[in-house]
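Inspection log for the structure reproduced underneath, given as structure tokens.
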Amino acid sequence: EEISIPFVDSDEEIELAAGMSVSEIFQQFGEVYFRAGEERVIKRLLSSCPRIIATGGGAFMSLELRSLIKLNSVSVWLKADFETLWERIQGKRNRPLLDVKDPKFTLKKLMKERASFYEEADITVHSKKTGTHLYMVSKLIKLLSSHGILERRDG
């Protein structure tokens with residue numbers, strides 16, 4: 001299966017614009033500065049041609065961004081349980097909010113704080129530990145196609 005919509009990761013776009021990593025931005029300027037830059041980048045991405053945009057976990061916390069996303073696109077929450085998320089992020093150094101003494105506690109806290117915002121997403125897809133990347137992409141394409149949001153191009 002193939003779709004003709006380009007994919008972009010907002011964190012990668014932020015890093016390109018800033019000329020430094022997300023972790024470096026957090027360290028040198030703090031979270032508030034990062035969130036302001038994140039908003040600018042995501043607004044720019046939303047205003048250009050159609051694309052699939054992967055955002056960081058905190059982006060959807062912004063009322064302004066949630067409203068823009070709702071108005072201009074379709075939001076998808078890839079919902080995973082704590083164990084799945086912990087396995088995926090464990091040992092990664094690019095998660096500044098989890099670069100703390102007790103990252104497991106912080107992850108649980110963030111999941112709890114963010115759940116009600118994430119529930120506002122247009123579509124929720126459950127992501128399991130055993131699911132491969134290819135399986136999730138296929139599942140999303142079928143789901144978006146069935147909602148009339150995405151036209152499929154097979155072969």
Side-chain angles (χ1 to χ4, degrees), residues 3-82 84-86 88-90 92-128 131 133 136-137 139-151:
I3 57 173
S4 59
I5 301 171
F7 172 85
V8 65
D9 184 296
S10 65
D11 282 352
E12 290 176 8
E13 292 292 312
I14 292 163
E15 290 177 344
L16 281 173
M20 60 178 68
S21 73
V22 169
S23 294
E24 290 170 332
I25 296 168
F26 266 78
Q27 288 170 357
Q28 291 185 29
F29 303 105
E31 184 177 3
V32 173
Y33 180 89
F34 171 79
R35 296 293 173 207
E38 179 180 58
E39 273 199 20
R40 286 191 303 275
V41 166
I42 293 174
K43 285 178 185 176
R44 176 178 52 83
L45 294 172
L46 286 169
S47 69
S48 61
C49 65
R51 62 186 72 213
I52 296 168
I53 305 170
T55 67
F60 210 64
M61 302 298 289
S62 162
L63 175 60
E64 186 175 2
L65 283 180
R66 278 195 320 278
S67 299
L68 275 172
I69 291 167
K70 178 82 63 190
L71 185 65
N72 295 305
S73 60
V74 176
S75 56
V76 178
W77 176 20
L78 300 178
K79 183 178 182 178
D81 62 32
F82 172 79
T84 300
L85 289 176
W86 179 249
R88 289 178 184 167
I89 58 128
Q90 196 172 357
K92 291 191 177 176
R93 306 297 303 158
N94 62 345
R95 302 281 181 175
L97 293 180
L98 296 175
D99 190 13
V100 295
K101 189 175 183 176
D102 190 351
K104 273 188 163 183
F105 173 80
T106 303
L107 178 60
K108 286 178 185 175
K109 183 177 169 228
L110 286 171
M111 288 176 71
K112 186 175 182 178
E113 289 172 354
R114 294 175 173 181
S116 64
F117 296 96
Y118 293 170
E119 287 169 358
E120 293 182 33
D122 298 311
I123 297 171
T124 299
V125 178
H126 294 274
S127 177
K128 300 191 181 347
H133 179 78
M136 283 302 295
V137 169
K139 187 174 178 178
L140 279 168
I141 289 171
K142 286 176 186 164
L143 188 60
L144 292 170
S145 297
S146 71
H147 278 77
I149 296 165
L150 186 65
E151 291 182 21

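With values rounded to the nearest 0.5 angstrom, H126 atom NE2 is found 10.5 Å from D81 atom CG. Within the model, atoms CG of D11 and CD of E38 stand 6.5 Å from one another, a figure rounded to the nearest 0.5 Å. Taken from CZ in F7 to CD in E12, the straight-line distance is 7.0 Å, to the nearest 0.5 Å. Here the NZ atom belonging to K139 is positioned 5.5 Å from the CE atom belonging to M136, to the nearest 0.5 angstrom.
Scored by the salt bridge (charged side-chain N to carboxylate O under 4.0 Å, His left out) test, E31 finds R35 as partners (sequence neighbours excluded). Judged as a salt bridge (charged side-chain N to carboxylate O under 4.0 Å, His left out), and not counting sequence neighbours, the contacts of R44 are E13. With sequence neighbours excluded, no residue forms a side-chain hydrogen bond (donor to acceptor under 3.5 Å, both in side chains) with T55. In this view, F29 and Y33 satisfy the ring-ring contact (aromatic ring centres under 6.0 Å, His included) rule, not counting sequence neighbours.
Nearest heavy-atom pair across I25 and A18 is CD1-CB, 3.7 Å. Between P6 and P50, the shortest heavy-atom contact is CD-O, 3.6 Å.
Looking at E113 and L110, their side chains come closer than 4.5 Å, going by heavy atoms from C-beta outward. Residues L144 and I123 have side chains in contact (heavy-atom distance under 4.5 Å, counting atoms from C-beta outward). Within the 4.5 Å cutoff, the side chain of Y118 has no heavy atoms near those of the T124 side chain.
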Distance-only check: which donor-acceptor pairs under 3.5 Å involve side-chain atoms of residues 58-74, not counting sequence neighbours?
residue, atom, partner, partner atom, Å
S62, OG, E39, OE2, 2.7
S62, OG, E64, N, 3.4
S62, OG, L65, N, 3.1
E64, OE2, K43, NZ, 2.7
R66, NE, E120, OE1, 3.2
R66, NH1, F60, O, 2.9
R66, NH1, M61, O, 2.9
S67, OG, L63, O, 2.9
K70, NZ, E120, O, 3.3
K70, NZ, D122, OD1, 2.8
N72, ND2, L68, O, 3.1
S73, OG, I69, O, 2.9

Contacts under 3.5 angstrom, residues 98-108 side chains, donor-acceptor by atom type, not counting sequence neighbours:
residue, atom, partner, partner atom, Å
D102, OD1, F105, N, 3.2
T106, OG1, D102, O, 3.2

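Side-chain N or O atoms of E15 include none that pairs as donor or acceptor with a backbone N or O of S21 at under 3.5 Å. Under a 3.5 Å cut-off, the side chain of S10 and the backbone N or O of A54 do form a donor-acceptor pair.
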